[in-house]
Amino acid sequence: MSIHFDASQNFFHLSNNEISYIIGIEKEKYLTHRYFGPRLTGYHQVNQLQMIDRGFATNPISEERTFSLNTLPLETSTQGSLDYRVSNYQFRNIDGYRITDFVYDHFEILEGKHSLEGLPSLRGEQEQTLAIYLVDHPQSLEMVLYYTIYEDLPVITRSVAYKNNGAKAIYIENAGSMLLDFPRCDFDILTLNGAHTNEATIHRQPLHPGVQKIASTRGTSSPQHHPFLGLADRCTNEDQGHVYGFHFIYSGNFVAQAEVEQYGSTRIQIGINPETFEWKLSPNATFQTPEVVLNFSAKGFNQLSQTFHKLYQTYLIPKQWQQVERPILLNSWEGNYFDFTEEDLIRQAKLANTLGIELFVLDDGWFGQREDDTTSLGDWSVNKTKLPNGVEHLADVIHKQKMKFGLWFEPEMISVNSRLFERHPEWSLQVPDYPQTQGRQQLVLNLSLPEVQEHLIQLLTTYLSSNKIDYVKWDMNRHLTEVGSFVLPNDQQKEVSHRYILGLYRILSEVTKKFPKVLFENCSSGGGRFDPGMVAYMPQTWASDNTDALCRSKIQYGYSYLYPPIMMGAHVSDSPNHQVGRNTPLTSRFLIAMSGNFGYELAIEKQSLQELEMIKEQIIFYKKHRRLLQFGQFYRLKELDKAYSTAWLFKNETEALLVYSNGLAQPAQTIQYLKTKYLEDAALYKDTSTGKIYSGSELNHAGILVPRIKGDFNCFYIHWIVIE
């Protein structure tokens, strides 16, 4: 791994064993993007920049009509002149002008990777970082572009720091984190889009002229558009072809866009959404943008996923959870909703213990006057009618069953019908003279306020200091409206959305550091805020409120492009399913849920004796293969088709497990041989069900005959052990 500056040819070369990334300096002023892809052993500028006298081009050097910033591949945009493509930054001075002229000044090569103040980011110790400084001399502004290259992965991270070295305040209207120009446009663009209960649907389409954009203005990263863009060669599939992945480590409003411009280049730009953002940058102040992960794969989408999985497990989640096995849980929600007593919960926990479940989670309804979702958020005192002996007593009973105890919170929300709102109505997001819009009959606390942050830190500290809560499910069930603050002056109101996220990160940072043994699970009505920013504090996320096995096969398939199964909460629920009303076999529900972070969420006491015995056997099976399922390599073997048929593989050095789901049964079933592709060719694999032994090469390349399956939503698995 190295970062090298070639002074004779004025370019930077960032490289490791897999990738190279090259940045040029033109006219001693402008940063150009020269290359990003497979590792180059050397670079001598064979891919020369095209210089043509273009119509309507603007020329920073008037006598050089072939030199125009509007046609060059750049590393950051220019603003207000010379470059008319989408911009990565925008400033407005106190006179209202929006012109800047940032030019190259100097660079530093730093050992390691610096953390971003107030923001989550990837860790790194063996990495190197390139810091490139650009200066706008008329206004004494400074921009620092940060590039960190990882030693062992085809990954570069990028972020930007904007600094005001002048004597007057200036306003940042757009604080992008990354801009990158590719000198081609023959890509497919890949995004993960969806909705509540239908998250992470993969969309792939050819790039076309103009701007293709995904974004959120909801105050969260959102289930509608995940903060991710992929650019793939047209021939790329799961196993072959080049693909670039760009992932934003941020949990709030964002924009990610690709512009195909008139001469066939493609510009990628990612950052905080400027529609809902502005920042007053005072003299000597610095604004740090969130980080973007740039991931390159030369071997298709599966290799891209393998890199993301390893990267986030190693360098993003809290260190203490990297190799810790996750417990099998029973969540109380779909089995009880708001209707339960202490006696009910204890009975259910005791039954769960006999089945081998290891964690009992009490979901919504345990506090205030919470009989439905219209009241009591903010009043985090125990409902003594339901729990007359309190939460700690219930935790003690659960612990005596040799199980862990978990509790649900929705800390960011407040009900109008609550004592907290009566005491502090000013703590909720609101704008003077306008009504406060309720969603799910609740409002949002203004986390940009330090006093609200302190309140929530103290609240959680009070509960967790008892050392009786082993797991917290942190929920967030509505998006932001009336985003304003009584504290900030008029010219800083557009800072509130970002300050909200900074406040959230401060709370999460302090609480998770104070209680490192508590397992936190992120949730926002499922996957509404499933993003790398939250993953930095909470090592797992409830992937979707939709627990239907068929829907989950698609949702988990989509999220697996970015996150390993251990990060995706997945539960076996009742049939018919509560969200879509579908009946699915218990075995299918298990095999799909087992392919994520596994648990149950059903009316445990209403299961038949046969079903309880099946659940017991499922848990025995899962525990036997837990290390494989939670920490093994995960590969998609079959692209999701219109019938929702899927297949994936878990493997490590000693065993492998294939899961196949037929989705919807098809007439005239075609002949299918499912190739495992990623086993070791030279190894021998024993099928633990039949005792038959196969070489890895025949499983990989000849494949397994998929049997005829009658009926919808049926799954099967095959488990192999490696023969020494």
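If you read the sequence from its start, that first residue is 1, and numbering goes on from there. All values derive from a computational prediction rather than experimental measurement.
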[X]/[Y] ion pair, N-O < 4.0 Å:
| X | Y | answer |
| --- | --- | --- |
| R92 | E278 | yes |
| E127 | K113 | no |
| E173 | K494 | no |
| R440 | E410 | yes |
| K29 | D105 | no |

Quiz item: Got a donor-acceptor contact below 3.5 angstrom from the T462 side chain to the Q458 backbone?
Solution: yes
Practice problem: Give the ring-plane orientation class for Y250 versus Y505, where under 30° counts as parallel, over 60° as perpendicular and anything between as tilted. | Solution: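 Judged by the thresholds at 30° and 60°, the geometry between Y250 and Y505 is perpendicular.
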Kindly check if the number of other-residue, nucleotide or ligand heavy atoms within 6.0 Å of [atom1] ([X]) is above 12?
| X | atom1 | result |
| --- | --- | --- |
| K468 | NZ | yes |
| Y97 | OH | no |
| D95 | CG | yes |

Residue list, side-chain hydrogen bond (donor to acceptor under 3.5 Å, both in side chains) with [X], at least two apart or on another chain:
| X | answer |
| --- | --- |
| D101 | none |
| E451 | none |
| Y537 | none |

Quiz item: Is the cationic atom of R123 (NZ for Lys, CZ for Arg) positioned less than 6.0 Å from the six-membered ring centroid of Y315 and within 45 degrees of its normal?
Solution: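 Judged by the rule (NZ or CZ under 6.0 Å from the ring centre, within 45° of its axis), R123 is not positioned above Y315.
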Quiz item: If you look only at pairs with a residue in residues 160-169, which of them pass as a side-chain hydrogen bond (donor to acceptor under 3.5 Å, both in side chains), with sequence neighbours excluded?
Solution: none
Practice problem: I would like to know whether Y471 and F520 meet ring-ring contact (aromatic ring centres under 6.0 Å, His included); could you show each step before the answer? | Solution: CA-CA 6 Å; Y471 161 106; F520 282 81; 8.7 Å; no
Exercise. Mind checking ring pair (Phe, Tyr, Trp, His ring centres under 6.0 Å) for H225 and listing every partner two or more places apart, or none if nothing turns up?
Key: none
Quiz item: With sequence neighbours left out, which residue pairs that include part of residues 513-541 fulfil the salt bridge (Lys or Arg N to Asp or Glu O under 4.0 Å) condition?
Solution: E412-R529
Exercise. Would you please test S177 and T289 for side-chain hydrogen bond (donor to acceptor under 3.5 Å, both in side chains) and show each step?
Key: CA-CA 6 Å; S177 292; T289 72; 3.2 Å; yes
Quiz item: Strictly by modelled atom types, are T148 and T129 linked by a side-chain donor-acceptor pair under 3.5 Å?
Solution: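 Side-chain D/A pair, T148 to T129: present.
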